[in-house]
Amino acid sequence: MTQTIDEYSVFFLYAAMAVYAMAFIAFALDLARRSAQVGAGNRVGVDGSVTTADERVLEKVGAGAPVAVSGSAVGGGSAVVGAAPARRGLFSRGGGSASIDGGSGVGTTKRSLSLRLGVAFTLIGFLLEATADVLRGIAAARVPWANMYEFSMTGTVLIVGVFLVVITRVDLRFLGTFITGLVLILLGISTVNYYVGVSPLPPALQSAWLVIHVFVASLGTAFFALGFALSAIQLVQYRRESIVAGATFWRLKFMSSLPDSNRLENLAYRVNIVGFVFWTFTLIAGAVWAERAWGRYWGWDTKEVWTFIIWVIYAGYIHARATRGWRGSRSAVLAIIGFAAVLFNFGIVNVFFHGLHSYSGL
């Protein structure tokens, strides 16, 4: 019975990976569409909506902005109707169409079908993977994060879950290609190299702290992954904004439809702060659990050291940005280094460094 449930878990996991691949393709098509629309001179919003040049003229007329008519001006100047509107927020989540007042007509904002499909596929993949995770826990009769395979599954579920929750508050759907791509890579490596059958817990892991400590660490990793995505795009955007005209390598057309580097940096900072809070709790909870299991709070085990190194990197990132005025590429590089340390801790330390935390099951 246990083996059968685990087989169902593996089936749902592969199904989730297939749906994530479809989401990745949909998000990639949206980026390609953005490049094509920007190249055609249209305005592409951060939510993927497209407004043509003619529709922008209608918007100006309806909003009262100056518009020249057939080379002449109405009333000796530009036609001005009403007062200029307040600037819309960067992540405005308006409806699918823009109504133009003043009897000038209606300009229709074309929304991205590929972007909506990407989010839908991501949600379906999340539900499938969450089902696989729950079935693994039922098969093992415990929480499903006691070895590398299970931690990979739970961690990627949380990465996608955090992404889906955040985009309900802030429109970060343009990160979809990166998030689904990262999850596919992690799940691919995990299913090929880390899969192990259901097995009982070692004595040191038979504790309530397994539920608390590892889950919070996974949640912190999910926020760090989102912050990493924002920082990586910020770095490219910052380079694009500062590069001299004519350097075509950095002229990624779709980047002009994304938030500017300052906005991306602020978002990455907020997300990484949340991750840092969870990671701080992870470090403290790990020390408490170590005292219960091994009779000491700290023993310079490799896993303990790397958990502390990650904490120091992100603490330095937050401190440098808040008090030293680090902005632009320097803050982005620090955040990227921090997540690289997280991946090293997961993929290298857990596998190749042996110590008291060698519970990978490999």
Looking at side-chain heavy atoms only, is the closest gap between [X] and [Y] below 4.5 Å?
X: Arg239; Y: Leu235; value: no
X: Asn266; Y: Arg321; value: yes
X: Leu164; Y: Ile167; value: yes
X: Ile138; Y: Tyr8; value: no
X: Ser207; Y: Arg292; value: no
X: Leu135; Y: Phe11; value: no
X: Phe27; Y: Thr122; value: yes
X: Val160; Y: Tyr20; value: yes

If the threshold is 4.0 Å, N to carboxylate O, is there a salt bridge linking Arg263 and Asp260?
no
Atom [atom1] of [X] and atom [atom2] of [Y]: how far apart are they, to the nearest 0.5 Å?
X: Ile310; Y: Phe308; atom1: CD1; atom2: CZ; value: 12.0 Å
X: Thr191; Y: Tyr194; atom1: OG1; atom2: OH; value: 11.0 Å
X: Ile159; Y: Ile179; atom1: CD1; atom2: CD1; value: 7.0 Å
X: Arg34; Y: Leu258; atom1: CZ; atom2: CG; value: 5.5 Å
X: Thr131; Y: Leu127; atom1: OG1; atom2: CG; value: 6.5 Å
X: Ser218; Y: Met153; atom1: OG; atom2: CE; value: 11.5 Å

Which atom pairs, donor and acceptor, lie under 3.5 Å between side-chain atoms of residues 333-343 and protein residues at least two apart or in another chain?
none

Test side-chain contact (heavy atoms from CB on, under 4.5 Å) applied to [X] - qualifying residues, sequence neighbours left out:
X: Ala217; result: Trp279, Thr282
X: Val271; result: Phe223, Leu226, Leu230
X: Val143; result: Trp145, Leu210, Val211
X: Ile25; result: Leu29

Heavy-atom pair of closest approach, residues [X] and [Y]:
X: Ala290; Y: Glu304; answer: CB-OE2, 4.2 Å
X: Ser114; Y: Arg33; answer: OG-NE, 4.5 Å
X: Ala28; Y: Thr177; answer: N-OG1, 3.5 Å
X: Ala146; Y: Glu150; answer: N-OE1, 2.9 Å
X: Ala225; Y: Leu182; answer: CB-CD2, 4.1 Å
X: Val19; Y: Phe121; answer: CG1-O, 3.0 Å

Among residues at least two apart in sequence or on other chains, which ones pass ring-ring contact (aromatic ring centres under 6.0 Å, His included) with [X]?
X: Tyr238; answer: none
X: Tyr314; answer: Phe224
X: Tyr269; answer: none
X: Phe276; answer: Trp311

Are [Y] and [X] linked, directly or through intermediate hydrophobic residues, by side-chain heavy-atom contacts shorter than 4.5 Å (ILVMFWY only)?
X: Val192; Y: Leu13; value: no
X: Val214; Y: Val277; value: no
X: Val216; Y: Val165; value: no

Full working for side chain to side chain contact (heavy atoms under 4.5 Å, CB included) between Thr156 and Met17
CA-CA 11 Å; Thr156 50; Met17 292 173 65; over 6 Å; no
Test applied, side-chain contact (heavy atoms from CB on, under 4.5 Å); reference residue, Val305; option that passes from Thr302, Ile309, Thr307
Ile309
For residues 310-320, the salt bridge (Lys or Arg N to Asp or Glu O under 4.0 Å) pairs (sequence neighbours left out) are none
Which pairs pass salt bridge (Lys or Arg N to Asp or Glu O under 4.0 Å) with one or both residues in residues 266-282, sequence neighbours excluded?
none
I'd like to know whether Thr221 forms a side chain to side chain contact (heavy atoms under 4.5 Å, CB included) with Leu158, so could you lay out the CA-CA distance, the side-chain angles of the two residues, the decisive distance to 0.1 Å, and finally the verdict.
CA-CA 9 Å; Thr221 300; Leu158 290 175; over 6 Å; no
With no hydrogens and no angle check, is any side-chain donor or acceptor of [X] less than 3.5 Å from a backbone partner on [Y]?
X: Ser190; Y: Leu186; answer: no
X: Asp133; Y: Glu129; answer: no
X: Thr154; Y: Phe151; answer: no
X: Glu241; Y: Ser261; answer: yes

Kindly indicate, with the supporting measurements, whether the criterion side chain to side chain contact (heavy atoms under 4.5 Å, CB included) is fulfilled by Asn272 and Ile318.
CA-CA 8 Å; Asn272 282 325; Ile318 293 171; 5.7 Å; no
Is there any side-chain hydrogen bond (donor to acceptor under 3.5 Å, both in side chains) pair reaching into residues 328-343, and which pairs are they, with sequence neighbours excluded?
Glu265-Ser331
Candidate pair Val274 and Phe278, rule side chain to side chain contact (heavy atoms under 4.5 Å, CB included), full reasoning
CA-CA 7 Å; Val274 177; Phe278 284 123; 3.6 Å; yes
Please indicate whether Phe12 has more than 12 foreign heavy atoms, meaning atoms of other residues, nucleotides or ligands, lying under 6.0 Å from its CZ.
no
For Phe344 and Trp306, take the angle between the two ring planes, folded into 0 to 90°, and tell me which bin it lands in: parallel under 30, tilted 30 to 60, perpendicular over 60.
tilted
